[in-house]
Undergrad: 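Can you keep this structure in mind? I'll have questions shortly.
The figures here come from the full heavy-atom set of this structure, side chains too, leaving out hydrogens, waters and symmetry mates.
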Amino acid sequence: MDINQITALQVAQLSEQDYENLMKTIKRARDIRAQHKMNQFNVGDEVSFMDKQGRKQMGQIQKICSKNVKLKIGTTNWTVHPNFLSKEY
């Protein structure tokens, strides 16, 4: 099956069990991507991300948690999902 050809109607017509399995598979894929991205970072790395207002924020990693990264930006602490971060070189 070509994933690009799946429509909302097809998803809506899935049985409850098939829908649950699809959602679990998507969640596992997202978790694997996040873990792969997390493995690229170390405490002390300089990173950046775009905040909700579209401004680029740059800071230093203070702690790597199981699902998020804690950053120090100036005097403010931020908790950011690793998928939003880019390393600054």
Side-chain angles (χ1 to χ4, degrees):
M1 175 183 287
D2 182 359
I3 193 74
N4 294 320
Q5 294 179 353
I6 296 176
T7 65
L9 180 59
Q10 288 172 311
V11 172
Q13 292 173 341
L14 291 174
S15 70
E16 190 65 30
Q17 186 62 47
D18 286 343
Y19 181 78
E20 293 284 330
N21 290 338
L22 174 63
M23 297 309 295
K24 286 178 184 176
T25 300
I26 291 169
K27 183 181 181 323
R28 275 195 306 271
R30 288 176 59 197
D31 290 346
I32 289 168
R33 283 184 182 175
Q35 188 60 49
H36 177 71
K37 184 82 173 189
M38 186 91 73
N39 291 339
Q40 297 174 8
F41 300 116
N42 295 301
V43 172
D45 285 351
E46 295 290 329
V47 295
S48 66
F49 69 97
M50 300 300 278
D51 68 15
K52 291 180 181 178
Q53 287 73 41
R55 296 178 301 229
K56 185 176 183 179
Q57 299 286 341
M58 295 176 60
Q60 186 178 58
I61 294 177
Q62 300 296 304
K63 182 178 181 182
I64 298 174
C65 303
S66 61
K67 292 190 177 188
N68 294 301
V69 176
K70 300 211 181 249
L71 308 175
K72 183 80 159 188
I73 300 174
T75 59
T76 307
N77 294 316
W78 289 69
T79 301
V80 182
H81 192 274
N83 285 346
F84 297 113
L85 296 176
S86 299
K87 253 188 181 178
E88 292 293 320
Y89 295 98

Undergrad: Do side-chain atoms of Lys37 reach the backbone of Leu85 as a donor and acceptor pair under 3.5 angstrom?
TA: yes
Undergrad: For Lys63, what residues pass the side-chain contact (heavy atoms from CB on, under 4.5 Å) criterion, not counting sequence neighbours?
TA: Cys65, Lys70
Undergrad: So which heavy atom on Gln62 is nearest to which on Val43, and how close?
TA: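 Shortest heavy-atom separation between Gln62 and Val43 comes out as O-CG1, 3.7 Å.
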Undergrad: Can you tell me how far the CE atom of Met38 sits from the CG atom of Asp31, to the nearest 0.5 Å?
TA: 10.0 Å
Undergrad: Quick check for you: to the nearest 0.5 Å, what is the distance between Thr25 atom OG1 and Lys27 atom NZ?
TA: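 Those atoms lie 12.0 Å apart.
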Undergrad: A quick test of your reading: do over 12 heavy atoms of other residues, nucleotides or ligands sit less than 6.0 Å from NZ of Lys72?
TA: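 For Lys72, atom NZ is crowded (more than 12 foreign heavy atoms under 6.0 Å).
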Undergrad: Would you name the heavy atoms of Phe41 and Ile64 that are closest together and state the gap between them?
TA: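 It is O-CD1, 3.4 Å.
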Undergrad: List in chain and number order the residues that pass side-chain contact (heavy atoms from CB on, under 4.5 Å) with Thr75, two or more places apart in sequence or in another chain; answer none if no residue qualifies.
TA: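 Per chain and number, Thr75 pairs via side-chain contact (heavy atoms from CB on, under 4.5 Å) with no residue.
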Undergrad: Under a 3.5 Å distance rule, please check whether Gln60 uses its side chain to pair with a backbone N or O of Gly44 as donor and acceptor.
TA: yes
Undergrad: In the single-linkage hydrophobic clustering (I, L, V, M, F, W, Y; side-chain heavy atoms under 4.5 Å), do Leu22 and Leu9 co-cluster?
TA: no
Undergrad: Identify the two heavy atoms, one from Phe49 and one from Trp78, that lie closest to each other, and give their separation to 0.1 Å.
TA: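 Heavy atoms of Phe49 and Trp78 come nearest at CZ-CE3, 3.4 Å.
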Undergrad: For Lys56, what residues pass the side-chain contact (heavy atoms from CB on, under 4.5 Å) criterion, not counting sequence neighbours?
TA: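 Expected list: Ser48, Met50, Met58, Glu88.
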Undergrad: Is atom NE2 of His36 surrounded by more than 12 heavy atoms (other residues, nucleotides or ligands) closer than 6.0 Å?
TA: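 No.
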Undergrad: Pro82 and Asn68: which non-hydrogen atoms are nearest, and at how many Å?
TA: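 Shortest heavy-atom separation between Pro82 and Asn68 comes out as CD-CA, 4.2 Å.
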Undergrad: Would a distance-only check, ignoring hydrogens and angles, find a side-chain to backbone donor-acceptor pair under 3.5 Å from Asp51 to Gln53?
TA: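 Confirmed, Asp51 side chain pairs with Gln53 backbone.
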Undergrad: For the residue pair Asn39 / Gln35, report whether a side-chain donor-acceptor contact shorter than 3.5 Å exists.
TA: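 The criterion, which ignores hydrogens and geometry beyond distance, is satisfied for Asn39 and Gln35.
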Undergrad: Given 3.5 Å as the limit, does a donor-acceptor pair link the side chain of Gln13 with the main chain of Gln10, or not?
TA: no
